[in-house]
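I have placed the structure first, in the form of structure tokens, so that the comments after it can refer back to it.
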Amino acid sequence: MTTPSRVLYLFGSAAPPVFDIAKVIEDAQSRGFDVCLGLTPTAARWLDPQLRELARLTGHPVRNEYKMPGEPDVWPKADVIAFAPVTFNTINSWALGLTHDFVVGVVAEGIGKRIPIIAMPCVNSAYVQHRQFERSVDELRAMDVQLLYGEDGFVPNQPGQGKPKEFPWELVLDAAVDAMRT
């Protein structure tokens with residue numbers, strides 16, 4: 001493993017690929033990232049039995065809530081943010097600036113701070129029929145979020161026919177590495 005030189009905020013929301021997040025953390029670390037893991041509240045609930053081990057793996061507390069005003073930040077500053085999987089709800093909340101979840105607040109602010117952000121949705125083909133989804137995708141791309149969606153990223157599956165083990169995590173981490181080069 002290389003010595004971490006860049007800080008990656010790795011965020012995930014409640015879609016089945018999030019259960020593989022430990023492997024993704026290890027892959028990111030092997031690529032030289034110091035990883036800080038943030039989750040939506042539902043993703044944190046799904047991963048609750050693993051949270052202590054995930055904190056040990058990253059060396060940082062796993063976060064899913066805002067800190068109290070005046071409290072010091074427990075994470076180093078991010079060099080890049082990777083948000084995957086991102087659900088239908090989270091994509092739309094983020095694009096609309098609805099920051100009720102900690103991770104959505106961080107990525108919304110990250111746009112203004114010019115932190116490179118890579119995101120990959122995990123949605124089924126029924127959800128993408130909702131007109132707001134494409135508007136949200138377009139809005140985030142217009143704000144320079146690198147959204148890995150479509151033929152160069154995540155391709156929606158039919159409802160109930162997801163293949164979480166085939167989620168293309170490597171594309172997310174490749175993009176994070178590339179963002180550090182530019």
Side-chain angles (χ1 to χ4, degrees), residues 8-31 33 35-47 50 54 64 78 80-99 101-108 110-111 115-182:
L8 169 69
Y9 285 7
L10 178 61
F11 291 168
S13 54
V18 80
F19 287 110
D20 291 326
I21 205 78
K23 291 177 191 166
V24 179
I25 291 166
E26 290 170 344
D27 189 3
Q29 290 170 331
S30 75
R31 294 169 185 241
F33 285 110
V35 180
C36 298
L37 178 62
L39 301 166
T40 62
T42 303
R45 185 170 51 84
W46 286 11
L47 294 175
Q50 302 169 40
L54 292 168
N64 64 34
V80 62
I81 301 171
F83 200 162
V86 189
T87 61
F88 175 81
N89 180 62
T90 302
I91 285 279
N92 290 324
S93 293
W94 180 12
L96 294 170
L98 305 175
T99 60
D101 290 344
F102 163 72
V103 291
V104 177
V106 173
V107 291
I111 291 168
I115 299 169
I117 302 171
I118 295 92
M120 184 178 292
C122 184
V123 294
N124 68 42
S125 59
Y127 277 125
V128 301
Q129 298 306 308
H130 193 289
R131 293 186 318 190
Q132 184 57 49
F133 184 77
E134 284 300 327
R135 287 193 292 258
S136 294
V137 166
D138 291 344
E139 187 67 24
L140 291 171
R141 284 180 171 157
M143 291 185 276
D144 293 325
V145 173
Q146 185 179 353
L147 206 61
L148 304 174
Y149 171 67
E151 62 185 55
D152 295 327
F154 181 79
V155 177
N157 51 272
Q158 292 298 314
Q161 296 181 11
K163 298 175 184 142
K165 295 293 182 195
E166 294 177 22
F167 190 75
W169 285 108
E170 69 283 352
L171 297 178
V172 175
L173 295 179
D174 289 350
V177 169
D178 289 346
M180 293 291 84
R181 290 187 186 128
T182 57

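When reading the values below, keep in mind they use all heavy atoms of this one structure, side chains included, and skip hydrogens, waters and symmetry mates.
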For residues T40 and N64, determine if any side-chain heavy atom of one lies less than 4.5 Å from a side-chain heavy atom of the other. no
Tell me the closest heavy-atom pair linking A28 and L8, and the distance in Å. CB-CD2, 3.8 Å
What pairs of donor and acceptor atoms, side-chain ones from residues 115-123 against any protein atom, are under 3.5 angstrom apart with sequence neighbours left out?
none

For K163, the side-chain hydrogen bond (donor to acceptor under 3.5 Å, both in side chains) test, sequence neighbours excluded, returns none
Heavy-atom nearest pair, W46 first then P16, reads CZ3-N, 3.9 Å
Output all residues satisfying salt bridge (charged side-chain N to carboxylate O under 4.0 Å, His left out) with D27, sequence neighbours left out; order by chain, then residue number. R31
From the list I25, V80, L10, side chain to side chain contact (heavy atoms under 4.5 Å, CB included) with F33 holds only for V80
Within the 3.5 Å criterion, strictly below it, is a donor on S136 or N92 matched to an acceptor on the partner's side chain? yes
Sequence neighbours excluded, the answer for salt bridge (charged side-chain N to carboxylate O under 4.0 Å, His left out) partners of R181 is D178
Aromatic ring pairing F11/F83, orientation class (parallel under 30°, perpendicular over 60°, tilted between): perpendicular
Identify which one of I111, V106, V145 satisfies the side chain to side chain contact (heavy atoms under 4.5 Å, CB included) criterion when paired with I81. V106
With heavy-atom distances below 4.5 Å as the criterion, would you say the side chains of V103 and L39 are in contact? no
Could you verify whether a donor N or O on one side chain and an acceptor N or O on the other, from T90 and S93, lie under 3.5 Å apart? no
Output the distance between atom CZ (R135) and atom CG (L96), rounded to the nearest 0.5 Å. 9.0 Å
Exercise: identify the closest heavy-atom pair between W94 and V104: CA-CG1, 3.7 Å
Pairs flagged by side-chain hydrogen bond (donor to acceptor under 3.5 Å, both in side chains) wherever residues 118-130 is involved - sequence neighbours left out: S125-Q158
Could you state the interatomic distance from CD1 (I91) to OG (S13), rounded to the nearest 0.5 Å? 8.0 Å
Could you pull out every donor-acceptor pair under 3.5 Å between side chains of residues 146-157 and any protein atom, sequence neighbours left out?
{"unit_1": "Y149", "atom_1": "OH", "unit_2": "E134", "atom_2": "OE2", "d": "3.4"}

Taking C-beta and beyond as the side chain, do I21 and L54 meet within less than 4.5 Å on heavy atoms? yes
